[in-house]
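Before any comments, here is the structure.
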Amino acid sequence: MLTAALTFAAAGTPALAQVQVPEGVDPAYMTAELNLPPEDVEAVRQVVLRLNHALDAADYDLYGSFFAPEAEFVTGFGTSTGPEGIAEAMRQSSGFTQGKRHVSANLVISGEGDRAVVTSYQVVFERVEGLTYAGSAFNVDTLERRDGEWLVVRHDSTLDPATAAMVQEMMGGSGN
């Protein structure tokens, strides 16, 4: 975990704030420009939210359909490529995802033209065996508009430290 001090450019704004972002993530995403029209911002947001609903419904083929043919799905457990590979990765991880509610929070959207980046917190709740918090992650989704449709071309997910430790313990190995 990297602690980054950010300087905010707005006049009269305090100069420094402590923010934790995963290693390798440029904290400049917080002030990156959003030059997309409102309808594109909403379309991009809908893709991210629909991913969660498809995952919670265990509709892995629908989940994969939101990704471009060459898309990369990158986690501490490995990389999957393309809609079919991503759908299969979700099937294989269903033991960790079923019975959960996935919620994307604090979406920060930047972009222009046919490209957008959504940086968000993924919060996961148990919904079957109790009303408990199940984990969280830091997600970065890069989307491109193709033939009028917004598709994810890269999904990067970094489990928060407590979640990673819990998953490692459950798996008896390592993961991020």
Within 6.0 angstrom of E42 CD, more than 12 heavy atoms from elsewhere: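 Counting neighbours around CD of E42, more than 12 heavy atoms of other residues, nucleotides or ligands fall under 6.0 Å, so yes.
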Whether over 12 other heavy atoms sit under 6.0 Å from R127 CZ: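 Yes - once you tally the heavy atoms of other residues, nucleotides and ligands closer than 6.0 Å, there are more than 12.
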Salt bridge E70-R146, side-chain N to carboxylate O under 4.0 Å: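 A salt bridge links E70 with R146.
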Can you check whether V128's main-chain N or O pairs, donor with acceptor, with E126's side chain at less than 3.5 Å?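 Yes.
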Check for a donor-acceptor pair, side chain of D160 on one end and backbone N or O of A162 on the other, with a separation under 3.5 Å.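 Between the backbone of A162 and the side chain of D160 there is no qualifying donor-acceptor contact (under 3.5 Å).
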Non-hydrogen side-chain atoms of [X] and [Y] separated by less than 4.5 Å:
{"X": "L107", "Y": "T119", "result": "no"}
{"X": "V74", "Y": "S157", "result": "no"}
{"X": "F66", "Y": "R50", "result": "yes"}
{"X": "Y63", "Y": "I86", "result": "yes"}
{"X": "V124", "Y": "Q122", "result": "yes"}
{"X": "M30", "Y": "V108", "result": "no"}
{"X": "L151", "Y": "E144", "result": "no"}
{"X": "L51", "Y": "M90", "result": "no"}

To the closest 0.5 Å, what do you measure between [atom1] ([X]) and [atom2] ([Y])?
{"X": "L143", "Y": "D114", "atom1": "CG", "atom2": "CG", "value": "11.5 Å"}
{"X": "E149", "Y": "S65", "atom1": "CD", "atom2": "OG", "value": "7.5 Å"}
{"X": "H53", "Y": "D59", "atom1": "NE2", "atom2": "CG", "value": "13.0 Å"}

When you check the side-chain N and O atoms of N139 and S120, is any donor under 3.5 Å from an acceptor?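 Per modelled atom types, N139 and S120 side chains form no pair under 3.5 Å.
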Who are the ring pair (Phe, Tyr, Trp, His ring centres under 6.0 Å) partners of Y60, not counting sequence neighbours?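 For Y60 there are no ring pair (Phe, Tyr, Trp, His ring centres under 6.0 Å) partners, ignoring immediate neighbours.
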Spell out, yes or no, whether [X] and [Y] are grouped together once hydrophobic residues are joined by side-chain heavy atoms under 4.5 Å, including indirect joins.
{"X": "V117", "Y": "W150", "answer": "no"}
{"X": "V140", "Y": "F73", "answer": "no"}
{"X": "F77", "Y": "M166", "answer": "yes"}
{"X": "F125", "Y": "V48", "answer": "no"}

Using every non-hydrogen atom in the two residues, find where [X] and [Y] come nearest and quote the distance to one decimal.
{"X": "T163", "Y": "G135", "result": "OG1-CA, 3.3 Å"}
{"X": "S80", "Y": "A89", "result": "OG-CB, 3.2 Å"}
{"X": "S104", "Y": "L49", "result": "CB-CD2, 4.3 Å"}

What's the verdict on side-chain contact (heavy atoms from CB on, under 4.5 Å) for V103 and N52, showing C-alpha distance, side-chain angles and the deciding distance? CA-CA 7 Å; V103 180; N52 291 334; 5.6 Å; no
After noting the C-alpha distance and the side-chain angles of V47 and V152, does the key distance pass the side-chain contact (heavy atoms from CB on, under 4.5 Å) rule? CA-CA 8 Å; V47 170; V152 179; 3.9 Å; yes
Could you walk me through whether R91 and D61 pass the side-chain contact (heavy atoms from CB on, under 4.5 Å) test, one step at a time? CA-CA 9 Å; R91 279 186 195 85; D61 291 329; 2.6 Å; yes
Determine whether E72 and H155 satisfy the following criterion, side-chain contact (heavy atoms from CB on, under 4.5 Å), listing intermediate values before the conclusion. CA-CA 6 Å; E72 291 184 306; H155 170 86; over 6 Å; no
List in chain and number order the residues that pass side-chain hydrogen bond (donor to acceptor under 3.5 Å, both in side chains) with R101, two or more places apart in sequence or in another chain; answer none if no residue qualifies.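 None.
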Which side-chain N or O atoms in residues 32-40 pair as donor and acceptor under 3.5 Å with protein atoms at least two apart or in another chain?
unit_1 : atom_1 : unit_2 : atom_2 : d
E33    : OE1    : N35    : ND2    : 3.1
D40    : OD1    : R145   : NH1    : 2.7
D40    : OD2    : R145   : NH1    : 3.0
D40    : OD2    : R145   : NH2    : 3.3

Geometric class of the Y121/F138 ring pair [parallel <30°, tilted 30-60°, perpendicular >60°]: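 Ring orientation, 0 to 90° scale: tilted.
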